[in-house]
Amino acid sequence: MSAGTQWTADEMMSVAASRSLVDGTACFVGIGLPSQAANLARRTHAPGLVLIYESGTLGAKPDRLPLSIGDGILAETADSVITVPEVFNYWLQAGRIRTGFLSGAQLDRRGNINTTVIGEYGDPKVRLPGSGGAPEIAASCQEVTIVMRQSRRSFVDRLDFITSLGFGSGPGDRERFGLRGGGPLHVITDLGVLEPDPQDRELTLTAVHPGVEPEQAVEATGWPLRVAAEPARTPPPTATELDVLRRLTTS
Amino acid sequence: MSAGTQWTADEMMSVAASRSLVDGTACFVGIGLPSQAANLARRTHAPGLVLIYESGTLGAKPDRLPLSIGDGILAETADSVITVPEVFNYWLQAGRIRTGFLSGAQLDRRGNINTTVIGEYGDPKVRLPGSGGAPEIAASCQEVTIVMRQSRRSFVDRLDFITSLGFGSGPGDRERFGLRGGGPLHVITDLGVLEPDPQDRELTLTAVHPGVEPEQAVEATGWPLRVAAEPARTPPPTATELDVLRRLTTS
Amino acid sequence: MAEIVELADGVAEVVRDGDEVAMEGFTHLIPFAAGHEVIRQHRRDLTLVRMTPDLIYDQVIGAGCAARLVFSWGGNPGVGSLHRFRDAVQHGWPRPLEIEEHSHAGMANRYAAGASGLPFAVLRGYRGTDLPAQTDTIKPITCPFTGEELTAVPALNPDVAIVHAQRADRAGNVQMWGITGIQKEAVLSASRSLVTVEEVVDELTPLPGAVVLPTWVVTAVAVARGGAAPSYAQGYYDRDNSAYQEWDAISRERDSFSAWLDGVRKVVA
Amino acid sequence: MAEIVELADGVAEVVRDGDEVAMEGFTHLIPFAAGHEVIRQHRRDLTLVRMTPDLIYDQVIGAGCAARLVFSWGGNPGVGSLHRFRDAVQHGWPRPLEIEEHSHAGMANRYAAGASGLPFAVLRGYRGTDLPAQTDTIKPITCPFTGEELTAVPALNPDVAIVHAQRADRAGNVQMWGITGIQKEAVLSASRSLVTVEEVVDELTPLPGAVVLPTWVVTAVAVARGGAAPSYAQGYYDRDNSAYQEWDAISRERDSFSAWLDGVRKVVA
């Protein structure tokens with residue numbers, strides 16, 4: 001927790017991610033912070049949020065935070081448990097899922113993500129886990145929320161590897177590659193929120209969290225970060241949000 | 001029932017078809033005579049026969065003759081009920097099923113079958129039901145048993161339409177079209193049994209049922225039917241076979 | 001989220017003149033009640049899609065609602081021919097019926113491609129048969145790895161899918177079990193969907209072999225008790241096999257069919 | 001028909017040096033006991049196939065059994081990295097590991113194509129990413145109806161699939177429930193298969209969500225109680241989350257891993 005606040009930067013990031021989810025829509029959830037945010041949303045403003053985990057659990061309603069995407073609590077509480085090919089083909093690829101969450105080791109200014117390798121692919125400095133479901137989430141969810149801690153090491157000028165496409169090299173690339181989802185709607189960090197410029201799709205700082213100055217976000221970015229004329233100020237977490245989140249993460 | 005026998009020609013046909021099924025193998029069953037034959041086999045010499053109906057019932061063990069391929073008794077007694085795409089893709093197309101039964105309005109000397117149309121396709125004399133599962137059964141089952149009453153009208157020199165491929169126009173055609181199943185193993189009729197010649201794949205009368213002379217089969221065929229040097233004589237139905245078959249068909 | 005509506009309102013909402021309509025149900029759970037309501041609402045120029053047209057489409061075709069049929073097997077299962085389908089194809093009565101003919105495997109894969117957001121599906125099928133010469137939605141495709149030639153068929157994405165299920169909950173989640181055929185794919189491939197059910201219940205207790213369609217992929221749910229008769233609804237009622245036999249006599253002649261049609265049109269859903 | 005065998009005999013029967021081996025199980029029902037037996041039998045030069053290599057392949061790779069890995073996500077779920085996988089890829093220890101890398105959707109469709117007897121599958125995927133430049137089993141394919149460009153991936157048809165299930169009957173029919181992932185496709189795509197189970201029972205009572213693999217598509221069934229631990233078997237035991245944490249420490253250094261490996265090799269299955 002930073003001085004003067006009653007919450008951590010990660011908690012603020014989870015709360016902000018949670019708020020971006022729309023009640024009554026379907027959300028493709030990965031483990032970790034996305035699962036925290038989605039479960040927080042379902043317990044606060046979005047009780048009708050449909051949680052879909054890539055293990056094949058449609059409409060899971062876990063009463064605690066699942067510890068993996070294949071946690072038994074997901075199967076036990078789901079409306080339906082389907083096979084892995086079905087979740088990717090009939091549900092994700094078909095464009096039925098509104099929100100996908102992504103994160104990564106590296107992000108560039110056009111919302112492209114690297115989760116594959118640091119260094120050369122054939123001679124890696126650090127071999128990362130790889131694609132998983134991310135490339136197709138990036139391609140096919142109606143919109144993508146990227147959640148990542150902001151740093152010069154991770155918000156980079158040039159990715160070592162494009163694992164999941166944001167806006168490629170700019171407007172028109174998603175269409176050219178036949179990607180039918182809308183791409184990144186915003187990037188929620190521990191410092192603020194970045195949104196793609198409607199014209200050229202470059203990520204722009206549009207909001208900062210309480211206690212954060214835009215300069216801090218610029219400082220933590222490996223490219224010259226654009227800042228909106230008047231960045232908004234994220235409302236602080238409410239007592240309810242913090243309470244629910246903490247009960248989720250400590251249970 | 002013909003004079004001097006204690007069974008009908010159709011009963012003989014069902015019994016002969018039933019005997020051709022091998023215990024412990026899987027059989028793709030259509031309604032009508034194939035279902036009679038398969039259920040008779042399961043109650044006599046092939047208790048381990050696996051019945052697969054195209055409705056998606058794998059390993060059905062009906063205690064009465066099902067009245068349709070989607071009869072509830074099939075789902076209730078199956079090892080597993082799967083979707084229609086799965087039965088065609090994972091089970092039939094993958095070549096897992098040993099025996100497929102086919103029948104049709106017209107058959108030619110190379111075991112090709114018409115169930116689509118009599119007359120011109122665009123201006124039909126008689127519009128028949130069409131393909132159903134037959135073309136892929138013909139293509140992908142390891143072997144095919146054709147069961148049809150023999151007549152000049154149905155055993156024809158030239159099909160009006162090829163719905164399901166036997167041996168096409170002769171050796172090499174199945175390979176050329178990429179069909180991985182072995183094609184027709186035999187044609188079981190109300191008069192006898194026809195088998196493809198190992199050289200040129202032309203159907204040849206290799207057996208006649210009790211009380212039938214080879215000439216009758218030749219007479220009932222719309223092409224000059226080849227007759228084996230010494231056609232075998234089908235053993236008559238046993239008392240058990242007749243008893244089980246009649247209990248099946250009257251229940 | 002699916003709306004729970006009256007059957008007549010549901011059909012009026014989802015089925016429009018000229019639509020491509022898929023009513024599915026493989027022997028089991030055939031949505032007859034909804035089909036009759038389409039007849040009562042005098043829909044016109046429909047493209048009917050269904051693997052096994054069966055009695056339900058024999059009736060809709062005979063009533064003159066259809067301009068086109070996409071199918072793979074058009075018979076009265078276990079009985080014989082579909083006389084109204086034949087009369088339309090052979091004599092254009094009551095109106096000409098254009099057909100697009102496939103195999104079961106082709107149709108099943110077309111629905112699966114439609115449900116998957118793909119423009120086409122690949123299968124081993126059709127090669128060596130006379131169907132590709134008559135149906136322009138069958139094309140060769142070459143495997144980019146082995147060079148092997150296979151067959152491609154385009155996705156089905158009907159305007160509307162109509163299916164019958166055993167039950168739904170009050171939120172509109174649908175549950176069906178027994179032989180569930182191609183119904184999930186039909187609903188997921190369509191732009192709109194109507195599911196008729198035997199009953200609406202408070203909770204969908206999980207059952208062996210049950211398939212659930214979440215409310216958010218269904219447009220409307222309508223209660224239609226006995227809505228699959230004369231086919232059957234496992235756990236509710238059996239197939240009325242005599243009705244399939246009787247249909248052979250009713251449908252054989254235009255007059256007897258027309259009398260039947262008058263009867264259906266008099267019923268208020 | 002599946003034979004019911006001892007685990008060591010089953011592994012010896014189905015897994016041979018140089019084989020392509022798919023051990024599947026998506027978080028749930030991971031066949032750890034069989035994986036350890038592969039290690040004990042000192043298999044060599046395996047091509048390992050698995051969507052999520054996970055601890056099980058970190059162990060098999062660290063033990064030096066594998067020459068190649070076909071995968072889509074190589075991490076310790078919820079914990080971090082797979083250190084043995086990294087050490088093999090980054091430093092070639094204990095031997096170099098060739099990789100063939102896909103996405104989850106690609107791997108799932110490759111198994112489905114393999115189970116379907118097709119040489120390839122089509123999906124919307126990979127386009128615009130750097131993966132096609134590194135993986136030669138990703139190729140463009142054009143829809144013959146719309147002209148749209150999509151992606152083709154070749155079928156997976158491993159020599160052997162190994163999965164864990166809750167139970168089998170005495171005839172060797174296998175039943176699993178809960179999250180069943182890609183296991184059915186893995187078994188159906190493979191030439192041979194071994195299923196480890198928690199128990200063999202007289203009868204497989206149907207259960208909601210249960211998947212059945214008929215005995216005639218399975219090569220061998222072996223009882224391995226707790227055989228999915230530290231993953232879980234729904235209805236039998238929970239996931240041992242601390243073991244996943246502890247693996248991070250054990251696997252981080254070659255020495256601590258080698259000590260663990262000695263322990264595994266001392267056990268008699």
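All values derive from a computational prediction rather than experimental measurement. Reminder, nothing fancy here: chain letters follow the sequence lines and each chain counts from 1.
Heavy atoms of B:D123 lying under 4.5 Å from chain C are absent altogether. With a 4.5 Å cut-off on non-hydrogen atoms, B:E86 does not touch chain C at all. With a threshold of 4.5 angstrom between heavy atoms, C:S81 does not approach chain B through any atom at all. Only the side chain of C:M51 comes within contact range of chain B, with at least one heavy atom under 4.5 Å from a heavy atom of that chain. Interface residue B:F161: backbone and side-chain heavy atoms are both found under 4.5 Å from chain C. With a threshold of 4.5 angstrom between heavy atoms, B:R174 does not approach chain C through any atom at all. Neither the backbone nor the side chain of B:V117 has a heavy atom closer than 4.5 Å to any heavy atom of chain C. Interface residue B:F177: backbone and side-chain heavy atoms are both found under 4.5 Å from chain C. Only the side chain of C:F85 comes within contact range of chain B, judged by heavy atoms closer than 4.5 Å. When heavy atoms are compared at a cutoff of 4.5 Å, B:L159 does not approach chain C at all. For a residue to count as touching a neighbouring chain, one of its non-hydrogen atoms must lie under 4.5 Å from one of that chain's; by this rule B:P85 touches chain C with backbone and side chain alike. For B:T163, the part lying near chain C is the backbone, with the side chain staying farther off; criterion is any non-hydrogen pair under 4.5 Å.
In terms of heavy atoms, C:Q234 sits closest to B:A75 at OE1-CB, 3.8 Å.
The shortest distance between side-chain heavy atoms of B:V81 and C:T180 does not fall below 4.5 Å. Side chains of C:L123 and B:Q93 form a contact here, defined as non-hydrogen atoms less than 4.5 Å apart. Side-chain contact between B:S55 and C:I179 is present, with at least one heavy-atom pair separated by less than 4.5 Å.
Side-chain polar atoms of B:T83 and C:E185 form no donor-acceptor pair below 3.5 angstrom.
Considering only heavy-atom pairs separated by less than 4.5 Å from chain C, the leading option among B:P135, B:S35, B:G122, B:P124 is B:P124. Heavy-atom pairs under 4.5 Å with chain C were tallied for B:L165, B:V126, B:N114; the largest tally goes to B:V126. The candidate from B:S131, B:P129, B:S164 with the greatest count of non-hydrogen atom pairs under 4.5 Å with chain C is B:P129.
Along residues 98-109 of chain B, no residue comes nearer than 4.5 angstrom to chain C, judged on non-hydrogen atoms.
Distance alone, capped at 3.5 Å, places no donor-acceptor pair between the B:Y121 side chain and the C:Q134 backbone. Using a distance-only test at 3.5 Å, with no hydrogens or angles considered, a donor-acceptor pair links the side chain of C:Q90 to the main chain of B:R127.
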